[in-house]
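Quantities reported herein were computed from a predicted structural model and do not represent experimental measurements. Both backbone and side-chain heavy atoms feed into the values below; hydrogens, waters and symmetry mates do not.
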Amino acid sequence: MKKILLTLLLAAPFLSGGAAIRLPEVFGTGMVLQQQSSVPIWGWTEPGNKVTLSTSWNKKSYTATASADGGWRVQVTTPKAGGPYTIRITGSDILELQDVLVGEVWFCSGQSNMEMAMAGFPRQAIAGSQAFIESSANPQIRLFRVARAAQVTPQDTFSGKWQAATPASVKPFSAVGYLFARLLQEKLKVPVGIIASAYGGTPIEAWMPAHNLKDFATVKLPSTTNPPAKLKNQPTVLYNAMIHPAVGYGIRGFLWYQGEANARNPHMYADLMASMVKGWRAQWNNNSLPFYFVQIAPFNRKDSTNASTRVREAQLKALDLIPHSGMAVTLDAGEENNIHPSDKSTVAQRLYQLALANTYGFKDVAWSGPVFRSLQVKGDTAHLRFEHTGSGLTDKGKGLTQFEIAGADKVFYPAQAIITPYGVAVWGPEVKSPVAVRYAFKDWVTGDLYNKDGLPASSFRTDNW
């Protein structure tokens, strides 16, 4: 029987009936499957039809019968990293997925800073992009870029295709996603697959399953019968179109870079993110899937609300709300007048260190900057203690300039601060009896407190004023 290549099959319109075997576009020639796992592969055919899937790495066959809606699904056991392999799916016709690799797969999502391509945005470049693009050819890195879409109901498939890393495929791909893959592949020496599903200018509510928005009374789902014309910022519409079609695909974990669009409601952000992660993990049926996210970089919003600062604060809070999570701090990697900072290498490096230490078990990899944990006042001085100090705190020889201190009157003044054997001591001549301390608690700031592993502390405050 004639073989039908998946790349040709999926070019045809997606239909709900008919006898042909159909797959979501996330399954295709050139894809990467998560190694040493039981991963699902699913699709559609005529109801009642038997489908047999065979994998070349172990010569095993898996059989399923299509349900009343035509859906079928099998669980496939994957080996250690390797390939290329072939998967043959036989039923009323035959599909053959070729050049399939087995390795590590990560799902990247968020708004514009995750979507920002290696080629950059108009008048906004990625630092070092040309050199990265020119040296990008690597068949062990595979990229899948989900096309922008928004829908009021969950969808079964989206647009995109797997491509090996080449200058042509890397140029339009997420810079953070590609640079993370590049680091990981070089370290682990296994195939790495990155699925990038991001959409600029979108709030977290748009990326959440409808079920996980029920606890937020102020969030209203769009009408399914009369949806608004501008759909992309509506609750759940990006989950429906750009996440749901991949639900269950075998992955190692999630990478998330979003938050700027939630400056309007930072008080809700920590709970929204915790609920989103819970929802995604439930959809993947794995409550411990790693979730590593980027704290948004400082940026001068030119207003007095400190809204971006409060998003960063909410993200810091979310770190404690979400198990199996980690946060890449970028307090030293922002640009005052650019909400899309060019330094995506630092972002990818810090996500990579989180993954190496917490997912892949590398014991000698630092993965967190200092995290504030307690304040004690002695006389006119506030003493701060931190976790994740590594071999000690440092200001890199430049001094600590971003601390502020306040007394009971709740008026903050610039403070003096020094590193001590126990943390940081903070004081100021205007405040004789300190009550609260803030560090880098401004929309635009450049952090100067690190641990000696070179990782920065997040902005924070000890008050709730």
Side-chain angles (χ1 to χ4, degrees), residues 25-26 31-32 34 103-119 121 126 132 136 141-149 158-163 165 169-185 191-202 204 206-208 238-239 241-261 273 276-277 280-281 283-284 286 289-297 315 322 324-328 330 340-341 344-356 358-359:
E25 291 197 31
V26 74
M31 68 181 177
V32 183
Q34 179 60 43
E104 294 297 304
V105 183
W106 287 82
F107 195 101
C108 305
S109 190
Q111 61 177 112
S112 54
N113 271 303
M114 181 61 86
E115 185 181 34
M116 191 175 187
M118 284 299 302
F121 289 150
I126 297 291
F132 285 126
S136 63
I141 296 176
R142 302 291 173 86
L143 310 173
F144 188 103
R145 181 164 62 101
V146 177
R148 286 179 167 190
F158 44 39
S159 295
K161 64 179 180 179
W162 285 98
Q163 295 179 291
S169 64
V170 164
K171 195 173 181 179
F173 197 78
S174 162
V176 170
Y178 166 70
L179 292 171
F180 174 87
R182 182 177 175 127
L183 290 166
L184 195 64
Q185 199 284 318
V192 173
I194 298 288
I195 301 171
S197 181
Y199 199 146
T202 56
I204 194 170
W207 295 99
M208 295 176 62
L238 301 184
Y239 169 81
M242 299 179 66
I243 303 294
H244 186 266
V247 162
Y249 190 91
I251 60 174
R252 178 63 75 186
F254 300 105
L255 304 179
W256 175 252
Y257 193 171
Q258 189 275 340
E260 296 88 350
M273 184 155 72
M276 183 190 76
V277 175
W280 284 10
R281 286 172 171 166
Q283 293 294 311
W284 260 266
N286 185 342
L289 274 174
F291 184 86
Y292 302 135
F293 62 97
V294 183
Q295 188 183 52
I296 64 173
Q315 291 173 317
I322 304 170
H324 311 291
S325 69
M327 182 173 74
T330 59
H340 304 120
K344 293 298 188 280
S345 296
T346 294
V347 174
Q349 176 70 36
R350 289 173 182 168
L351 289 171
Y352 161 74
Q353 288 176 225
L354 281 164
L356 281 192
N358 296 294
T359 299

Item checked: Exercise: identify the closest heavy-atom pair between Pro245 and Ala241 -> CG-O, 3.6 Å
Note to self: I'd like to check the side-chain hydrogen bond (donor to acceptor under 3.5 Å, both in side chains) partners of Thr346; sequence neighbours left out, ordered by chain and number.
What the structure shows: Asp343
Notebook entry, point to check: What closest approach, in Å, do Gln258 and Gly110 show between heavy atoms, and which atom pair accounts for it?
Noted result: CB-CA, 3.9 Å
Check: What distance do Ile243 atom CD1 and Met208 atom CE have between them, rounded to the nearest 0.5 Å?
Finding: 12.5 Å
Margin query: Could you tell me if the side chain of Cys108 sits less than 4.5 Å from the side chain of Ile194, heavy atoms only?
Written below: yes
Notebook entry, point to check: Relative to the ring of Phe254, is the ring of Trp280 parallel (under 30°), tilted (30 to 60°) or perpendicular (over 60°)?
Noted result: tilted
Check: Just checking, is any N or O donor in the side chain of Gln353 or Gln349 under 3.5 Å from an acceptor N or O on the other one?
Finding: yes
Next item on the list: Could you check if a side-chain atom of Val192 sits within less than 4.5 angstrom of a side-chain atom of Val32, using non-hydrogen atoms only?
Entry: no
Checklist line | Over all atoms of both residues, closest heavy-atom pair of Val26 and Trp162 | finding: O-NE1, 2.7 Å
Next item on the list: Measure the shortest side-chain to side-chain distance between Ile126 and Phe132 over non-hydrogen atoms and say whether it is less than 4.5 angstrom.
Entry: no
Item checked: Which atom of Leu179 lies closest to which atom of Ala348, heavy atoms considered -> CB-CB, 3.6 Å
Checklist line | Shortest non-hydrogen contact from Ala149 toward Tyr199 | finding: N-CE1, 4.0 Å
Checklist line | Student check: side-chain heavy atoms of Trp256 and Ile204 closer than 4.5 Å | finding: yes
Check: Within the side chain of Glu25, is there an N or O that forms a donor-acceptor pair under 3.5 Å with the backbone of Lys161?
Finding: no
Next item on the list: Any chance you could measure Glu115, atom CD, to Phe121, atom CZ, to the nearest 0.5 Å?
Entry: 5.5 Å
Margin query: Rounded at 0.5 Å granularity, tell me how far CZ in Phe291 sits from CD1 in Ile322.
Written below: 5.5 Å
Next item on the list: List for me each residue that meets side-chain hydrogen bond (donor to acceptor under 3.5 Å, both in side chains) alongside Ser109, sequence neighbours excluded, and say none if there are none.
Entry: none
Note to self: Would you say CZ of Arg145 has more than 12 non-hydrogen atoms from neighbouring residues, nucleotides or ligands within 6.0 angstrom?
What the structure shows: no
Check: Are a donor atom and an acceptor atom from the side chains of Ser174 and Tyr257 found within less than 3.5 Å of each other?
Finding: no
Margin query: Strictly distance-based, threshold 3.5 Å: is any side-chain N or O of Ser197 a donor or acceptor partner for the main-chain N or O of Met242?
Written below: yes
Note to self: Using a 3.5 Å distance criterion without hydrogens, assess whether the side chain of Gln34 forms a donor-acceptor pair with backbone atoms of Val105.
What the structure shows: yes
Check: With side chains defined as the heavy atoms from C-beta onward, is the minimum distance between Leu184 and Leu356 less than 4.5 Å?
Finding: yes
Note to self: Under the rule for side-chain hydrogen bond (donor to acceptor under 3.5 Å, both in side chains), what residues qualify as partners of Gln315, not counting sequence neighbours?
What the structure shows: none
Margin query: Between Met114 and Leu255, is there a side-chain heavy-atom distance shorter than 4.5 Å?
Written below: yes
Next item on the list: Measure the shortest side-chain to side-chain distance between Met31 and Arg142 over non-hydrogen atoms and say whether it is less than 4.5 angstrom.
Entry: no
Next item on the list: Describe, in one word, how the ring planes of Phe180 and Trp106 are oriented to each other, choosing from parallel (under 30°), tilted (30 to 60°) and perpendicular (over 60°).
Entry: perpendicular
Check: With a 4.5 Å heavy-atom cut-off, do Pro341 and Asn113 have their side chains touching?
Finding: yes
Check: Roughly how far apart are Trp207 CH2 and Leu238 CG, rounded to 0.5 Å?
Finding: 4.5 Å
Notebook entry, point to check: Rounded to the nearest 0.5 Å, how far apart are NE2 of His340 and CD of Glu260?
Noted result: 7.0 Å
Next item on the list: With rounding to the nearest 0.5 Å, note down the distance linking NZ in Lys344 to CE in Met118.
Entry: 10.5 Å
Check: Which heavy atom in Tyr292 sits nearest to a heavy atom in Ala355, and how many Å separate them?
Finding: CE1-CA, 3.7 Å
